[in-house]
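Here the structure is a predicted model, which means the values were calculated and not measured.
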2 protein chains.
Amino acid sequence: MNVTLDELELLHGHICQALGDPKRILILYALHDQPRNVTALAEALGMPQPTVSRHLGLLRQRALVTTTREGASVIYAVSDPRIIHIVDTMREMLRDILSHHQTRLSEPSASQDETED
Amino acid sequence: MNVTLDELELLHGHICQALGDPKRILILYALHDQPRNVTALAEALGMPQPTVSRHLGLLRQRALVTTTREGASVIYAVSDPRIIHIVDTMREMLRDILSHHQTRLSEPSASQDETED
DNA sequence: TCCATCTATTCGGGTATGCGAATACATCTA
DNA sequence: TAGATGTATTCGCATACCCGAATAGATGGA
């Protein structure tokens with residue numbers, strides 16, 4: 001094992017945490033589909049503008065999106081397509097997982113269904 | 001864009017959230033290096049046993065690790081190596097980000113020597 | 001310079017999540 | 001069955017995070 005908690009905490013703070021909200025992932029997909037400014041994004045995704053701006057601020061701070069001024073607007077774009085690839089891989093994994101255990105896993109709740117042990 | 005918030009929320013609940021803690025990633029790496037039981041893992045990583053058990057319970061609930069009884073012990077193992085590949089890709093991204101622009105990760109204020117968030 | 005538009009930040013509150021300690025539960029062996 | 005070892009859960013608390021509304025800050029055109 002050549003990985004330290006230190007590095008993982010850094011990784012967590014920069015990338016994992018950024019993916020820690022479904023709306024941010026949705027924003028990344030939307031920007032990957034087409035770069036946009038905050039207002040257009042907010043309208044397209046049906047979210048309040050401050051919320052989108054806050055998410056974008058976080059993503060930009062972590063260098064996962066880039067910004068370009070265009071008149072009074074700020075155009076956001078995905079900076080590294082690998083982040084999309086990562087999420088795509090996660091989606092494939094999820095699909096496999098769900099197809100294998102079709103019966104549970106649907107609700108990560110603390111209910112104690114009969115354990116399969 | 002063929003991704004819905006619904007799917008991403010499911011994805012978040014199953015996988016992203018599982019990666020949302022550095023210690024869990026460390027646990028995944030450790031298990032990928034070698035499957036182990038709770039106690040051995042706790043000792044190797046220097047964490048309290050209940051903490052490790054709780055993390056493992058979460059990972060198992062999401063099918064990211066598998067369990068095998070071995071006498072009185074329960075051996076945990078990574079169920080899908082793609083999760084490791086994902087984290088490795090994230091680490092590469094992080095390395096690129098950090099090396100690329102040491103000066104651009106910060107914004108408004110004129111602080112450049114810092115790699116803080 | 002004033003105004004319209006776009007973007008970023010603050011505020012208060014609700015929720016989720018992680019933790020350590022203690023404890024309950026399970027399994028194996030003698 | 002009792003004891004030893006390994007595992008899982010509960011409890012109380014602290015922290016981190018997200019959100020909507022309101023507001024402040026920036027930018028470009030008339």
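Defined by atom type and a distance below 3.5 Å, a donor-acceptor pair is missing between the side-chain atoms of A:H14 and A:R62.
Under a 4.0 Å N-O distance rule, the pair B:K23/A:E9 does not qualify as a salt bridge.
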Going 5' to 3' through nucleotides 14-26 of chain D and flagging B where a protein heavy-atom sits under 4.0 Å of the base, S where only the sugar-phosphate is that close, and - otherwise, we get ---SSBBBB----
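Listed by chain and number, the residues in a salt bridge (Lys or Arg N to Asp or Glu O under 4.0 Å) with A:D21 amount to none (sequence neighbours excluded).
Heavy atoms of B:G57 sit nowhere under 4.0 angstrom from any nucleic acid atom. At a threshold of 4.0 angstrom between heavy atoms, the contacts of A:T39 are confined to the sugar-phosphate backbone, with no base atom among them.
In terms of heavy-atom proximity, A:L58 sits nearest to A:R24 at CD1-NH1, 3.7 Å. Scanning all heavy atoms of the two residues, the minimum distance from A:M90 to B:C16 falls at SD-SG, 3.7 Å. Considering all non-hydrogen atoms of both residues, B:S79 and B:A63 come closest at OG-O, 2.7 Å. In this structure, A:T4 and B:L26 approach most closely via the heavy-atom pair C-CD1, 4.4 Å. When all heavy atoms of B:V78 and B:L28 are compared, the pair lying nearest together is CG2-O, 3.3 Å.
For D:dT27, the OP1/OP2 oxygens have no side-chain nitrogen or oxygen of A:S73 closer than 4.0 Å. OP1 or OP2 of D:dA8 has at least one side-chain nitrogen or oxygen of B:Y76 nearer than 4.0 Å.
With C:dA8, D:dG6, C:dC6 as the candidates, the nucleotide lying closest to the side chain of B:A72 is D:dG6.
Rounded to an integer number of Å, the gap from CD of A:E43 to P of C:dC6 is 9 Å. Rounded to whole Å, atom P of C:dT5 lies 18 Å from atom CD of A:E70. Between the CD1 atom of A:I75 and the P atom of D:dT27 there is a distance of 15 Å, rounded to whole Å.
End-to-end axis angle of the helix from C:dT1-D:dA30 to C:dA30-D:dT1, from C1' rotation axes over five pairs per end: 20° (rounded to 10 degrees).
Note that the CD1 atom of B:I97 and the CG atom of A:D80 stand 6.5 Å from one another [nearest 0.5 Å].
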